[in-house]
J.: 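Please find one structure pasted underneath; my questions will follow.
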Amino acid sequence: MPTKWSQTLIPTARQVPSEAEVPSHQLMLRAGYIHKLGAGIYDYLPLGLRSLRKAMDIVRQEMDRVGAIEVMLPTLQPIELWEQTGRRAAYGENLFVVKDRHGREQALGPTHEEVITHLVASCIESYRQLPVTLYQIQTKFRDEFRPRFGVLRSREFQMKDAYSFHLSLDGPGGLEETYQKQYEAYRRIFERCGLPYEIVEAESGPIGGSASHEFMVPSPTGEDVILKSDKGNYAANVEKCEIGGRPHSLDGPSTGDLEKVHTPDSPGIDDVVAFFKKQLKTKLKPQNMLKTLVFTGLAVPNQLAEKIMREHDWKTKLGDIKDQLVVQWVLAVVRGDHEVNEAKVLQLAKKWWPGLIKLELADDSAVREQDITFGYVSPRIVLDTPGLMRLAIDPDAAQEQFWVTGGDDEGYHVKHFNWKRDVLDLMDDRYKQHVTVADIRNATDGDPSPKADCGVLQATKGIEIGHVFKLGCKYAESLNLTVLDEANKRVYPIMGCYGIGVNRILAAAIEREGGNDENGIIWPASIAPYSVLITPIKYEGAMRDTADRLAGELEAAGLDTLIDDRDERPGVKFKDADLIGIPLRVTIGEKALANGQVEVKPRHAKQAELVAVDQAAKHIAGMLQPL
RNA sequence: CGGGGUGUAGCGCAGCUUGGUUAGCGCGCUUGACUGGGGGUCAAGAGGUCGCGAGUUCGAAUCUCGCCACCCCGACCA
């Protein structure tokens, strides 16, 4: 049955709600697709739900096509599962935790690795049952520190999550095979949804795992920065993006005597630059400054960590070895105009301390404990605490040139800092191995590609709509999932996991190039709430009869059809039609109808085309194919 | 969590500085008339715990304190 506008709920608004900033958010609100209930919580109105369902249908079809099996897992998850995998801490504040009447804690699932692993552990015993890929489309909860951009980052959202289990990495039935299948399924899904996308290498974050790729829709409103080599052979999220080799040296001569400069109230790079310009009348560029960040972390002592790994002793609880944990410190030094990449620092630190549990930017109090002057830190503080801190220097900071850096004294900086003279030569030989030059910063536009082929990285922004991971055995090990292999030996299956943010598909479709104009949304036909909107100039007489008959024919041909049966002036109907963005509009007016014709206009077209009424349904069906 | 800002009708806002009739305006909504191909015109209406709670005062949307919600910017993350 065709839908009549007057009988559904499409609250369009002329004015832009003040809270919305990005086009997808504004338009979904204005066009009556969603309605806000709270921060990061939205009602899906009939149009929004229809689009969401269409995206879900495409996802389901493509998952089924590659042999994934649908399940539905609970939202409410015993907190113990999250403690067993250590992810309660890793997810931290982003995990919603609710208490039941007995005071037991449950997590509202932000993702389902724990639950699926638990399920598979209890019903799969034999290697013969592998490989298997299970998926679901379900509401996820994440207590985002800052929900924003409407449906792009909300606290409750729809996610398709799939999980695969394998005996081996390669070969038939291996993780690699399924990973490829999912990868291809993702390509088909996003193509069918009409989304332009890039595939980039990604950091796996708290999900964990060895390798991962993200599917990104390029858009200036995207929250992720992606870098692509101009040679076309490398693309990565900035969190992951490696930077090609850069020459460096810590042995170069100084540019002058170390000189202390009074720079009151200037803890940041920009502050110092501004102070030099204003007060000292000297031009100082951020790239002539060294930025030193203090990281602190907790580690299981190396010997114990190695023992646990060697013996696969996952039963050792953190609580049991709490007293043995060691505090570790890293000083990360990058050029003033660069940003430290925490994931890279973490990788590096894990090489030093295999039992590292976490590493984060030291906060105020931690820094003060060590007598470090927050905001005025220089690399020289390694000398004050011999052997305590490791020093990690980005190659671009490991240069001989004019450097300004912190004075390690409130309100002071120093000029002419030199690595050899001011650090290395003053350092006990034993600790020189604690100084490392390594890529520890975020890549930026213009950096060399890691492919070492003279490629140059170019930065753009993107919206993450999908993410595939190779997980390895992490969850199987911590939740004790084993199967018997051919040799009757217990082994941990290898896992993969694959996620798609379904709501984001909608937002990304609007944010994409050509996804909207000054009048409203322009949907790809595959995920539009309706394929055709019939707009009779007046819903009465012959126009009404024609509208009803055509709608019936279109529905019979399998096209979702909406009739604007409201008693509104044509201008209002046209404006609303453009706003809600249905791919094809059929206008039925008196004049054309007198000649037995109706007007057909694609949403993105300027001009309508006249079509004979009795040919219209067929004609329209043909037009929708390529849209 | 830090910094900034906002809460007044369904939506967008004014009024608050300097307390004082019945709290306004535009859009939307209701009724009627005219109208009818890109957000019409006229007329008559309905709609408000001024975010919540205390306080100051003869009197509070307005001043004070506390709380709550939401938005923006940041270290971050789907």
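Note on naming: letters A, B, ... go to the chains in the order of the sequence lines (proteins, then strands), and numbering restarts at 1 for each one. These values consider heavy atoms only, across backbone and side chains, with no hydrogens, waters or symmetry-generated copies. A quick note: this is a predicted structure, and the numbers were derived from the prediction, not measured.
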J.: More 5' along RNA chain B: A/Asp567 or A/Val238, using each one's nearest nucleotide?
T.: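 Closest to the 5' end, via its nearest nucleotide, is A/Asp567.
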
J.: From NZ of A/Lys573 over to P of B/G39, roughly how many Å is that when rounded to an integer?
T.: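 After rounding, the gap between these two atoms is 15 Å.
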
J.: Do A/Asn519 side-chain and B/G38 base share a donor-acceptor contact under 3.5 Å?
T.: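 It does not, because no donor-acceptor pair links the side chain of A/Asn519 to the base of B/G38 below 3.5 Å.
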
J.: Report the distance from atom CG of A/Asp270 to atom P of B/G74, rounded to the nearest whole Å.
T.: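 Atom CG in A/Asp270 sits about 13 Å away from atom P in B/G74.
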
J.: If the condition is ring-ring contact (aromatic ring centres under 6.0 Å, His included), which residues does A/Tyr183 pass it with, not counting sequence neighbours?
T.: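 Testing A/Tyr183 for ring-ring contact (aromatic ring centres under 6.0 Å, His included), a comparison that skips the adjacent residues, returns A/His213, A/Phe215.
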
J.: Rounded to whole angstrom units, what separation is found between the CD atom of A/Glu19 and the P atom of B/C11?
T.: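 About 9 Å, once rounded to whole Å.
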
J.: Classify the nucleic acid contact of A/Glu590 as base, sugar-phosphate or nothing, counting any heavy atom under 4.0 Å across all strands shown.
T.: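 It contacts base atoms.
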
J.: Do the charged groups of A/Lys240 and A/Glu214 touch, with an N to O distance under 4.0 Å?
T.: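 A/Glu214 and A/Lys240: not salt-bridged.
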
J.: Has the side chain of A/Arg30 got a donor or acceptor atom sitting under 3.5 Å from an opposite partner on the base of B/G39?
T.: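 For A/Arg30, whose side chain was compared with the base of B/G39, there is a donor-acceptor pair (under 3.5 Å).
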
J.: According to side-chain contact (heavy atoms from CB on, under 4.5 Å), who are the partners of A/Thr546, at least two apart in sequence or on a separate chain?
T.: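 For A/Thr546 the side-chain contact (heavy atoms from CB on, under 4.5 Å) partners, ignoring immediate neighbours, are A/Arg549, A/Ile588, A/Leu593, A/Val598, A/Val613.
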
J.: If a pair means Watson-Crick or G-U wobble with both distances below 3.5 Å, what does RNA chain B look like in dot-bracket form, with | marking bases paired to a different strand?
T.: (((((((..((((......[...)))).((((((.....)))))).....(((((..]....))))))))))))....

J.: Just grab all the salt bridge (charged side-chain N to carboxylate O under 4.0 Å, His left out) pairs involving residues 568-577 of chain A, residues at least two apart or on different chains.
T.: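 Qualifying pairs: A/Arg566-A/Asp576.
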
J.: Using the C1' atom as the point on both nucleotides, what is the distance between B/C27 and B/C65, in whole Å?
T.: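 Rounded to whole Å, the distance is 37 Å.
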
J.: Could you work out, with side chain to side chain donor-acceptor pair (under 3.5 Å) as the rule, every residue matching A/Ser219, not counting sequence neighbours?
T.: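 Side chain to side chain donor-acceptor pair (under 3.5 Å) check on A/Ser219 returns A/Thr221.
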
J.: Produce a footprint string for nucleotides 42-51 of chain B: one letter per nucleotide, 5' end first; B if the base is under 4.0 Å from any protein heavy atom, S if only the sugar-phosphate is, - if neither.
T.: ----------

J.: Whole angstrom is fine here: how far is it from CD in A/Gln26 over to P in B/C11?
T.: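 Going from CD in A/Gln26 over to P in B/C11 covers 16 Å.
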
J.: Base, sugar-phosphate alone, or nothing: which one does A/Glu599 contact when heavy atoms must sit under 4.0 Å apart?
T.: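 Result for A/Glu599 = base.
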
J.: Considering only atom P, compute the distance from B/U62 to B/A9 and round it to an integer number of Å.
T.: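 To the nearest whole Å, 15 Å.
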
J.: Is it true that A/Lys4 and A/Asp565 have a side-chain N and a carboxylate O under 4.0 angstrom from each other?
T.: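 Salt bridge absent between A/Lys4 and A/Asp565.
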
J.: Between B/C71 atom C1' and A/Glu21 atom CD, what is the distance in whole Å?
T.: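 About 8 Å, once rounded to whole Å.
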
J.: Mind calculating the distance between CZ (A/Phe574) and C1' (B/G37) to the nearest angstrom?
T.: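 The answer, rounded to whole Å, is 5 Å.
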
J.: Going by the rule side chain to side chain donor-acceptor pair (under 3.5 Å), which residues pair with A/Lys228 if we only count those two or more places apart in sequence or in a different chain?
T.: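 A/Lys228: side chain to side chain donor-acceptor pair (under 3.5 Å) contacts with A/Glu198.
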
J.: I want to check one thing: is the phosphate of B/G37, taken as OP1 and OP2, less than 4.0 Å away from some side-chain N or O of A/Lys538?
T.: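 No, no such contact exists.
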
J.: On RNA chain B, check which nucleotide each of A/Ser18 and A/Gly589 is closest to and give me the residue with the more 5' one.
T.: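 Looking at the nearest nucleotide for each, A/Ser18 comes out on the 5' side.
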
J.: Got a sec, which residues hit ring-ring contact (aromatic ring centres under 6.0 Å, His included) with A/Tyr376, two or more places apart in sequence or on another chain?
T.: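 Only A/His413 meet the ring-ring contact (aromatic ring centres under 6.0 Å, His included) criterion with A/Tyr376.
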
J.: Evaluate the side-chain proximity of A/Pro147 to A/Ser154: yes if any heavy-atom separation is below 4.5 Å, no if none is.
T.: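 Not in contact.
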
J.: Does the side-chain contact (heavy atoms from CB on, under 4.5 Å) test come out yes or no for A/Arg603 and A/Leu533, once each step is laid out?
T.: CA-CA 10 Å; A/Arg603 169 64 179 81; A/Leu533 169 63; over 6 Å; no

J.: Which part of the nucleic acid, if any, lies within reach of A/Gly499 when heavy atoms closer than 4.0 Å are counted: base, sugar-phosphate only, or nothing?
T.: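 Nothing: the residue A/Gly499, judged by heavy atoms under 4.0 Å, touches no strand.
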
J.: Can you check the distance between B/U8 and B/G24, where both ends of the measurement are the C1' atom (answer in whole Å)?
T.: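 Rounded to whole Å, the distance is 10 Å.
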
J.: Can you list, by residue number, the residues of residues 151-158 of chain A that have a non-hydrogen atom closer than 4.0 angstrom to RNA chain B?
T.: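 Contacting residues: A/Leu152, A/Arg153, A/Ser154, A/Phe157.
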
J.: Not counting sequence neighbours, list each pair that qualifies as a ring pair (Phe, Tyr, Trp, His ring centres under 6.0 Å) and has a residue in residues 8-27 of chain A.
T.: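 Qualifying pairs: A/His25-A/Tyr42.
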
J.: Identify all pairs in which a protein N or O lies below 3.5 Å from an N or O of nucleotides 23-31 of chain B, and state each distance.
T.:
unit_1	atom_1	unit_2	atom_2	d
B/G26	N2	A/Gln15	OE1	2.9
B/G26	N2	A/Gln15	NE2	3.3
B/G28	OP1	A/Arg14	NH2	3.1

J.: In whole Å, I'd like the distance from the CZ atom of A/Phe295 to the P atom of B/A75.
T.: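 Distance check: A/Phe295 CZ to B/A75 P gives 13 Å.
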
J.: What's the CG-P distance between A/Asn94 and B/A75, to the nearest Å?
T.: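 Value for this atom pair: 16 Å.
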
J.: For A/Glu62, which residues count as a side chain to side chain donor-acceptor pair (under 3.5 Å) partner, sequence neighbours excluded?
T.: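 Result, side chain to side chain donor-acceptor pair (under 3.5 Å) vs A/Glu62: A/Arg65, A/Arg188, A/Arg192.
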
J.: Can you tell me how far P in B/G51 sits from the matching atom in B/G12, rounded to whole Å?
T.: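 Here B/G51 and B/G12 have their P atoms 15 Å from each other.
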
J.: Under the ring-ring contact (aromatic ring centres under 6.0 Å, His included) criterion, do A/Trp523 and A/Tyr33 qualify, and how do the steps go?
T.: CA-CA 13 Å; A/Trp523 286 114; A/Tyr33 281 75; 5.6 Å; yes

J.: Given 3.5 Å as the limit, does a donor-acceptor pair link the side chain of A/Gln138 with the main chain of A/Leu73, or not?
T.: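 It does hold such a pair.
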
J.: Between B/A61 and B/G15, how far apart are the two C1' atoms, rounded to whole Å?
T.: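 These two C1' atoms come out 8 Å apart once rounded.
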
J.: Can you tell me how far C1' in B/G47 sits from the matching atom in B/U30, rounded to whole Å?
T.: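 After rounding to an integer number of Å, I get 10 Å for this pair.
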
J.: Would you call A/Asp447 and A/Arg441 a salt bridge, using N to O less than 4.0 angstrom?
T.: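 So A/Asp447 pairs with A/Arg441 through a salt bridge.
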
